[in-house]
Asks: 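Below: one structure in structure tokens.
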Amino acid sequence: MTIDIPEILTRTLRETVAGLANEATREALYGALRARREDVEPVVNAFEARREQSPRTAKGPLNGLPVTVKDQIAAGGWPRTFGLERPSRRADRASATIVARLVELGAEVTGKTALPPNALDFQTFNRRRGRTNNPHDPRFTAGGSSGGGAAAVASGMSLLDIGADLAGSLRLPAAWCGVTSLTPTEGAWPADGMLPGGQRLQHFARIGPIARRVDDLAFLWDCLAGAEAGKETSGSYRIGLWTPDGPAPMEAAARAVWDGFSTRLAATGIAVETDPMRTLFAPESYRLFGEIMGYETGALIPAPIRWLMRRDRSPARRSPGFLAHVHAGYRRDGARHADNLARMAAARREAAARFDGLDALALPVTGLCAFRHLAPSSDRAGVRDYAQRFDTAAGPLFYFDALTRFTVPVTLLGWPVVTLPIGRDANGIPLGVQVVGKPGRERVLLDLCATIETRLPAYSGTER
């Protein structure tokens with residue numbers, strides 16, 4: 001499906017910001033944005049709240065650039081729903097640090113985008129507001145948990161969304177909506193403002209942007225980095241390309257798109273080294289991630305609720321690679337957690353040494369094509385389970401294990417990730433690659449991904 005977006009809403013952020021210094025241009029942009037949302041939002045359903053009033057004056061360097069924010073992240077003066085069916089209507093007094101910085105630079109928050117309850121699903125819906133639909137075909141999921149932001153950007157209802165990623169929440173919806181995302185190095189951007197009461201997770205949860213193209217991500221990165229911004233490479237890169245040495249945990253249709261991308265990437269002139277990345281995908285990676293995540297998120301859940309969640313063993317049986325480890329972390333064993341953190345640090349050092357000669361790794365975001373909207377087999381106040389099974393070459397995988405197979409090991413590393421569209425499946429829905437850079441080298445990664453984007457158009461059409 002071709003998404004026809006007015007030209008004024010498809011310009012690069014650099015072009016847009018330059019034009020916004022002119023009041024007439026600013027009014028025209030906000031008018032086009034308002035009209036686009038009135039036309040498309042009834043179909044896509046990407047927003048929790050919207051405002052499209054043009055700022056009276058432009059302040060720089062962003063000159064009133066309209067941005068949207070995932071409704072898990074605090075924006076001063078806006079209520080925050082966390083995707084709940086009975087959200088608080090009280091507006092946040094203060095913004096998350098990243099949102100506050102953007103506003104200080106002249107950005108204007110024009111909407112809060114949808115997410116599943118407490119960002120705990122890879123689809124975006126709840127009973128209160130319904131489902132967020134994929135702009136390329138509303139019958140299909142937009143992904144989650146940053147599904148509202150990805151759908152808004154892909155459909156031209158947002159120029160830039162600020163979302164968040166824990167186990168793929170930026171990467172999956174960006175891949176299925178055909179847009180780009182950046183998950184910065186763990187700790188590179190402040191991670192406050194994502195949980196109620198000023199709470200935060202020590203590891204894994206990261207705020208990051210969704211945009212139409214890599215240059216937009218780079219522009220935002222440079223604005224926030226200020227004087228520290230600048231290119232760091234000469235344009236010569238080496239990429240480690242995931243190439244399985246056995247049956248892959250991928251559907252046949254997704255594997256076909258991946259193989260096509262691999263062939264085209266090798267023909268771009270970028271140095272490519274194929275690698276099955278067996279260490280990255282070792283069972284220990286999934287155990288460490290799950291137990292650390294379970295321990296840290298478990299601190300936010302009352303002990304009786306954690307016990308009830310662990311008591312029902314069917315979700316863990318269906319998801320031995322994800323939920324089973326998260327539930328083990330819910331035991332809140334402090335000594336085991338300390339040992340897991342030490343093991344994670346060792347794993348990160350080993351990965352840095354193993355991939356020392358490469359600028360980046362390229363691997364699928366997911367082995368699944370976007371699917372038609374699925375209903376959970378159980379839903380307890382937003383904590384969901386799915387009995388859906390997906391057939392892959394490596395054997396059947398249930399919902400959570402299938403969707404986190406490629407994202408969790410990358411999250412465990414804590415390295416920066418850019419998601420890029422690489423093609424479409426037979427239904428016309430995009431698929432993506434996650435390009436993983438070295439920690440603290442976001443600018444190198446963005447330059448590399450811009451090169452890939454230029455030399456390797458993702459798919460034909462007028463969407464981007």
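Quick note: residue numbers are just sequence positions, from 1. Just so we're clear, the structure is a prediction, and the values are computed from it rather than from any experiment.
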Asks: At their closest point, which heavy atom of Ile73 faces which heavy atom of Arg80, and how far apart are they?
Replies: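 Looking at all heavy atoms of both residues, the closest pair is C-CD, 3.6 Å.
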Asks: List in chain and number order the residues that pass side-chain contact (heavy atoms from CB on, under 4.5 Å) with Tyr295, two or more places apart in sequence or in another chain; answer none if no residue qualifies.
Replies: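 side-chain contact (heavy atoms from CB on, under 4.5 Å) list for Tyr295, sorted by chain: Arg332, His337.
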Asks: Thinking salt bridges, do Arg50 and Glu52 make one under a 4.0 Å N-O criterion?
Replies: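 Yes, charged N to carboxylate O under 4.0 Å.
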Asks: Indicate yes or no: at least one non-hydrogen side-chain atom of Ser262 is less than 4.5 angstrom from one of Leu241.
Replies: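 Heavy-atom side-chain distance check passes, below 4.5 Å.
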Asks: Give, for atom CZ of Phe140 and atom CG of Asp425, the distance between the pair rounded to the nearest 0.5 Å.
Replies: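 Here the rounded value is 7.0 Å.
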Asks: Is there side-chain contact between Val418 and Leu420, with heavy atoms separated by less than 4.5 Å?
Replies: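 Contact flag for Val418/Leu420 side chains = yes.
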Asks: Under the ring-ring contact (aromatic ring centres under 6.0 Å, His included) test, which residues partner Phe355, sequence neighbours left out?
Replies: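 Scan of Phe355 (ring-ring contact (aromatic ring centres under 6.0 Å, His included), adjacent residues dropped) gives none.
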Asks: For a 4.5 angstrom cut-off between non-hydrogen side-chain atoms, does Cys177 reach Pro135?
Replies: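 Yes; the side chains approach each other to less than 4.5 Å.
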Asks: Counting C-beta onward and ignoring hydrogens, is there a side-chain heavy-atom pair between Asp385 and Tyr399 closer than 4.5 Å?
Replies: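 No. Closest side-chain heavy atoms not under 4.5 Å.
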Asks: Would you give the length of the straight line joining atom CG of Asp391 to atom CG of Leu397, rounded to the nearest 0.5 angstrom?
Replies: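 Going from CG on Asp391 over to CG on Leu397, the span is 9.0 Å.
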Asks: Going by distance alone, is a donor N or O of one side chain under 3.5 Å from an acceptor N or O of the other, for Thr132 and Thr124?
Replies: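 Distance-only check fails for Thr132 and Thr124.
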Asks: Which atom names give the shortest non-hydrogen contact between Gly440 and Thr185, and what distance separates them?
Replies: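 Looking at all heavy atoms of both residues, the closest pair is N-OG1, 2.9 Å.
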Asks: Just checking, any donor-acceptor pair under 3.5 angstrom between side chains of Asn340 and Arg287?
Replies: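 Yes, Arg287 and Asn340 have a side-chain donor paired with an acceptor closer than 3.5 Å.
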Asks: So which heavy atom on Leu33 is nearest to which on Pro66, and how close?
Replies: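 Scanning both residues, the minimum pair turns out to be CD2-CB, 3.9 Å.
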Asks: Would you compute the distance between atom CZ of Phe125 and atom NE2 of His373 and round it to the nearest 0.5 angstrom?
Replies: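 Output value for this atom pair is 10.0 Å.
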Asks: Could you go through the side chain to side chain contact (heavy atoms under 4.5 Å, CB included) check for Leu172 and Val365 one step at a time?
Replies: CA-CA 6 Å; Leu172 279 162; Val365 173; 4.1 Å; yes
Asks: Does a donor on one side chain sit under 3.5 Å from an acceptor on the other, for Thr113 and Lys70?
Replies: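 Note: Thr113 and Lys70 side chains miss the donor-acceptor criterion.
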Asks: Side chains of Ser181 and Thr419: donor-acceptor distance under 3.5 Å anywhere?
Replies: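 Yes.
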Asks: Measuring from atom CG of Leu160 to atom CG of Leu217, what distance do you get when rounded to the nearest 0.5 angstrom?
Replies: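 Answer for the CG-CG pair, Leu160 versus Leu217, is 8.0 Å.
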Asks: If you look at every heavy atom in Val433 and Leu363, which pair is closest and at what distance?
Replies: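 Val433 and Leu363 have their closest heavy atoms at CG2-O, 3.4 Å.
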Asks: Is it true that Arg348 and Glu186 make a salt bridge, defined as a side-chain N closer than 4.0 Å to a carboxylate O?
Replies: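 So Arg348 pairs with Glu186 through a salt bridge.
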Asks: Please test Trp176 against Phe371 for ring pair (Phe, Tyr, Trp, His ring centres under 6.0 Å), starting from the C-alpha separation and ending with a verdict.
Replies: CA-CA 10 Å; Trp176 284 342; Phe371 41 79; 5.4 Å; yes
Asks: With a 4.5 Å limit on heavy-atom distance, are the side chains of Asp216 and Thr180 in contact?
Replies: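 Contact flag for Asp216/Thr180 side chains = no.
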Asks: Measuring from Leu182:CG to Cys449:SG, what's the distance to the nearest 0.5 Å?
Replies: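 Going from the CG atom of Leu182 to the SG atom of Cys449 covers 9.0 Å.
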Asks: Between Trp242 and Phe281, how do the two ring planes meet: parallel, tilted or perpendicular, split at 30° and 60°?
Replies: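 Ring orientation of Trp242 relative to Phe281: perpendicular.
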Asks: Which value, rounded to the nearest 0.5 Å, describes the distance between Trp415 atom CH2 and Glu442 atom CD?
Replies: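 It comes to 12.5 Å.
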Asks: Using atom types as modelled, flag every donor-acceptor pair under 3.5 Å from a side chain in residues 150-157 to any protein atom, sequence neighbours excluded.
Replies:
from	atom 1	to	atom 2	distance (Å)
Ser155	OG	Ala151	O	2.7
Ser155	OG	Ala152	O	3.3

Asks: Do we see a donor-acceptor contact under 3.5 Å between the side chains of Asp71 and Thr81?
Replies: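 Per modelled atom types, Asp71 and Thr81 side chains form a pair under 3.5 Å.
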Asks: Are any of the side-chain nitrogens in Glu48 or Arg128 under 4.0 Å away from the carboxylate oxygens of its partner?
Replies: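 Yes, Glu48 and Arg128 are salt-bridged.
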Asks: So do the side chains of Trp189 and Arg206 get within less than 4.5 Å of each other, counting heavy atoms only?
Replies: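 They are not in contact (no side-chain heavy atoms under 4.5 Å apart), so the answer is no.
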Asks: Does the distance from a Lys or Arg side-chain N to an Asp or Glu carboxylate O, for Asp275 and Arg354, drop under 4.0 Å?
Replies: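 Yes, charged N to carboxylate O under 4.0 Å.
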Asks: Do the side chains of Arg372 and Asp137 get close enough for a salt bridge, i.e. N-O under 4.0 angstrom?
Replies: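 Salt bridge flag = no for Asp137 with Arg372.
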Asks: For Arg131 and Asn45, which I'm curious about, is there any donor-acceptor pair between the side chains at under 3.5 Å?
Replies: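 On atom types as modelled, these side chains do not qualify, holding no pair under 3.5 Å.
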Asks: Ala360 and Val435: which non-hydrogen atoms are nearest, and at how many Å?
Replies: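 That would be CB-CG1, 3.8 Å.
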Asks: So do Pro116 and Gln123 actually touch side chain to side chain, heavy atoms under 4.5 Å?
Replies: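 A side-chain contact under 4.5 Å is absent here.
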Asks: Is any side-chain heavy atom of Leu201 closer than 4.5 Å to one of Leu195?
Replies: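 When only atoms from C-beta onward are counted, Leu201 and Leu195 do touch, with a gap below 4.5 Å.
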Asks: Thinking salt bridges, do Arg101 and Glu104 make one under a 4.0 Å N-O criterion?
Replies: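 Salt bridge: no.
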Asks: Applying side-chain contact (heavy atoms from CB on, under 4.5 Å), can you list everything that pairs with Asp215, at least two apart in sequence or on another chain?
Replies: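 Checked Asp215 against side-chain contact (heavy atoms from CB on, under 4.5 Å); matches are Thr12, Arg14, Arg213.
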Asks: With distance as the sole test, does Asp92 use its side chain to make a donor-acceptor pair with the main-chain N or O of Gly77 at under 3.5 Å?
Replies: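 Not at all, since once roles are kept as given, no pair shorter than 3.5 Å links the two residues.
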Asks: Could you walk me through whether Ile210 and Ser146 satisfy the side chain to side chain contact (heavy atoms under 4.5 Å, CB included) test, starting with their C-alpha distance in whole Å, then the side-chain angles of each, then the deciding distance to 0.1 Å, before giving a yes or no?
Replies: CA-CA 9 Å; Ile210 300 172; Ser146 302; 4.2 Å; yes
Asks: Whether Arg441 and Asp359 form a salt bridge (side-chain N of Lys/Arg under 4.0 Å from carboxylate O of Asp/Glu) is what I want to check.
Replies: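 A salt bridge is absent here (no side-chain N lies under 4.0 Å from a carboxylate O).
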Asks: Could you report the tightest heavy-atom contact between Pro173 and Gly143, atom names first, then the distance?
Replies: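 Minimum heavy-atom contact is CB-C, 4.1 Å.
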Asks: Does the pair Phe398 and Tyr386 meet the rule for a ring pair (Phe, Tyr, Trp, His ring centres under 6.0 Å), with working shown?
Replies: CA-CA 8 Å; Phe398 284 95; Tyr386 290 84; over 10 Å; no
Asks: Within the side chain of Glu108, is there an N or O that forms a donor-acceptor pair under 3.5 Å with the backbone of Val67?
Replies: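 It does not hold such a pair.
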Asks: Run Gln199 and Leu300 through side chain to side chain contact (heavy atoms under 4.5 Å, CB included) and show every step you take.
Replies: CA-CA 8 Å; Gln199 303 173 99; Leu300 311 176; 3.0 Å; yes
Asks: Salt bridge check, Arg384 against Asp121: does any charged N sit closer than 4.0 Å to a carboxylate O?
Replies: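 Yes.
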Asks: Is the cationic atom of Arg51 (NZ for Lys, CZ for Arg) positioned less than 6.0 Å from the six-membered ring centroid of Trp78 and within 45 degrees of its normal?
Replies: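 Flagged: Arg51 positioned over aromatic ring of Trp78.
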Asks: Does a salt bridge link Glu251 with Arg255, judged by any charged N lying under 4.0 Å from a carboxylate O?
Replies: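 Arg255 and Glu251: not salt-bridged.
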Asks: Enumerate donor-acceptor pairs with a distance under 3.5 Å from any side-chain N or O in residues 400-411 to protein atoms, sequence neighbours excluded.
Replies:
from	atom 1	to	atom 2	distance (Å)
Asp401	OD1	Ser319	OG	2.5
Asp401	OD1	Gly321	N	3.4
Asp401	OD1	Phe322	N	3.1
Asp401	OD2	Gly321	N	2.9
Thr404	OG1	Phe400	O	2.7
Thr407	OG1	Ala167	O	2.6
Thr411	OG1	Leu166	O	3.2
Thr411	OG1	Arg171	NH2	2.6
Thr411	OG1	Thr407	O	3.2

Asks: Where do Arg443 and Asp222 land on the side chain to side chain contact (heavy atoms under 4.5 Å, CB included) test, with the steps shown first?
Replies: CA-CA 8 Å; Arg443 206 57 183 79; Asp222 290 349; 2.8 Å; yes
Asks: Quick one: ring-ring contact (aromatic ring centres under 6.0 Å, His included) partners of His327, sequence neighbours excluded?
Replies: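 Result, ring-ring contact (aromatic ring centres under 6.0 Å, His included) vs His327: Tyr330.
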